[in-house]
Protein chains: 2
Amino acid sequence: MASQASPTAARTTRPSADSTRDRILAAAVDLFSERSFEGATTREIAARANVTQPLLNYHFRSKEHLWHAAVEGIFGELTQALTARIEGLRGVDELSVAKLIVREFIYFSAAHPQLHRIIMQECKVDGARMDWLVDRHIRPLYEQTVSLFTRLVERGDIPDVPATHIYYVITGAGATMFVLAPECRRLAGFDPLEHEAVEVHADVVTTLLFGS
Amino acid sequence: MASQASPTAARTTRPSADSTRDRILAAAVDLFSERSFEGATTREIAARANVTQPLLNYHFRSKEHLWHAAVEGIFGELTQALTARIEGLRGVDELSVAKLIVREFIYFSAAHPQLHRIIMQECKVDGARMDWLVDRHIRPLYEQTVSLFTRLVERGDIPDVPATHIYYVITGAGATMFVLAPECRRLAGFDPLEHEAVEVHADVVTTLLFGS
DNA sequence: GTCTATAATTAGATAGAC
DNA sequence: GTCTATCTAATTATAGAC
């Protein structure tokens, strides 16, 4: 029956934040992303955070509220990383900005594959959690991406291709190898999350997209 | 608590096969792909197949055995579709074969997004089901893809890029929009599974990969 | 083969001590 | 804040009638 192993094994301890609340949130991101909302148990999340299960109900009212808080956190990190990068590129031409933003997105996807795992789990089927995820977190990123690439197309910088398709090419091609890191290790014999591999992947994706 | 709706609503009835066993397998593929192994309940699978829950244990010994049978079925369809396409291309130059196989893969991904959903769910974390999935089903496809693209690179048909990265670009860029079809509908306002959109996506991906 | 009834386990959440 | 103990509901699987 139970095939998944060692629920006791502590995860790579995060450098930042060590309050109980934050350890619970970090454990929740990991387990929700690995096992899906229904598959993750609050007991396992508690165990990974080194607390007892009822404490999750104390800090976050319910499993559902815990999920929202966890997702809020990881999307906050992505938004922060991307806006910081854009701020640092004021005055640069938009084609170069696009290339560097795609790179930044790939670096983030390798460092935090949990984000895409959660999107994949929730956006496969319509539901209340998907509605919230799309409206609150995904749509702003989508809109920004689409408007950026629409301008590049109008300017003739890239081939005339519908922006929505470009969006899914970027997210799919950029993140899938990291989402499926355990598969890749077994299949190809190397760890895609390792620095060298991430760099190669960023080169491959930007070359295919921008031709250089 | 429960946010997912209408467990009674019957799915798009499959044209092929109507024996009880096959209806259970079809329902299992849908639910395992939507909700993950742990998230899917045998009662829900039974309900969607219009049978009672203990009947699943009669036909397949356990939930685990049912999962294996369901996955076996959908991967059989993919393998059949791809080998049939390759058979029909005997004598054609390998660059054209590659383009058409990628197209075929994209058509299949749009028609059966369940396959990638299941891969995503199982290959995020090491485990017994992932081992079986990779060794029995994914590796043969990976090896074929890698050897094909390695030959194309040697021949100078495509840029010199590590084949493993190409593999994840193809599967990621090719399938993600269909895996996230509900998200795409809400985000972009169109159904990516519709014929027109699939065709456009195949054009976009093959153009980016092969330059034409 | 397919059903009803039910056993055994495990889930999320609450009560109340400290 | 954090724990122990426990409730209720839901899960997979089995027993046995038809």
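To find a chain, count down the sequence lines: A is the first, B the second, and so on, and within it residues start at 1. What you see is a predicted model, and the numbers here were worked out from it, not measured in a lab.
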- Task: Return the value, rounded to whole Å, for the distance between atom CZ of A:R23 and atom C1' of D:dT2.
- Result: 11 Å
- Tell me what A:T41 touches on the nucleic acid: a base, only sugar-phosphate, or nothing, going by heavy atoms under 4.0 Å. sugar-phosphate
- Compare the minimum distances between each of D:dT2, D:dT12, C:dA13 and the side chain of B:K63, then state the nucleotide with the smallest one. D:dT12
- Listed nucleotide nearest any side-chain atom of B:N57, set D:dT14, D:dT6, C:dC3: D:dT14
- Checking D:dA13, D:dG1, D:dC3 against the side chain of B:S62 (C-beta onward), the nearest is D:dA13
- Item | Note: A:E38-A:R129 ion pair, threshold 4.0 Å (strictly below) | yes
- Take atom CZ of A:R43 and atom C1' of D:dT6, then tell me their distance rounded to the nearest Å. 10 Å
- Note on the structure: note: B:I24, atom CD1; C:dG1, atom P; distance rounded to Å ~ 12 Å
- Task: Could you check how far CD of B:E38 sits from P of C:dG12, rounded to whole Å?
- Result: 12 Å
- Round to a whole Å and report the spacing from OH of B:Y58 to C1' of C:dA5. 19 Å
- Is any side-chain N or O of A:T20 closer than 4.0 Å to OP1 or OP2 of D:dT2? yes
- Message: How about CZ on B:R139, more than 12 heavy atoms from neighbouring residues, nucleotides or ligands closer than 6.0 Å, or not?
- Response: yes
- Query: Is it true that A:R103 and A:D203 make a salt bridge, defined as a side-chain N closer than 4.0 Å to a carboxylate O?
  - Reply: yes
- Message: Could you go through B:H116 and B:T171, starting from their C-alpha distance and side-chain angles, then the distance that decides it, and tell me whether this counts as side chain to side chain donor-acceptor pair (under 3.5 Å)?
- Response: CA-CA 9 Å; B:H116 294 278; B:T171 56; over 6 Å; no
- Task: For B:T52, report the nucleic acid contact type (base, sugar-phosphate, nothing); a contact means any heavy atom under 4.0 Å.
- Result: base
- Message: Considering every strand and a 4.0 Å limit on heavy-atom distances, what is the contact class for B:A40: base, sugar-phosphate, or nothing?
- Response: sugar-phosphate
- For B:L55 and C:dT4, give me the distance from atom CG to atom P, rounded to whole Å. 11 Å
- Note on the structure: Comparing nearest nucleotides in DNA chain D, the 5'-proximal residue of the pair A:R21, B:P54 is A:R21
- Rounded to the Å, how far apart are A:Q53 CD and C:dT10 P? 14 Å
- Message: If I take atom CG in residue A:L56 and atom P in nucleotide D:dC3, what distance separates them, rounded to the nearest angstrom?
- Response: 10 Å
- Message: Does this structure show an ion pair linking A:D126 with B:R186, if we count only N-O contacts that are shorter than 4.0 Å?
- Response: no
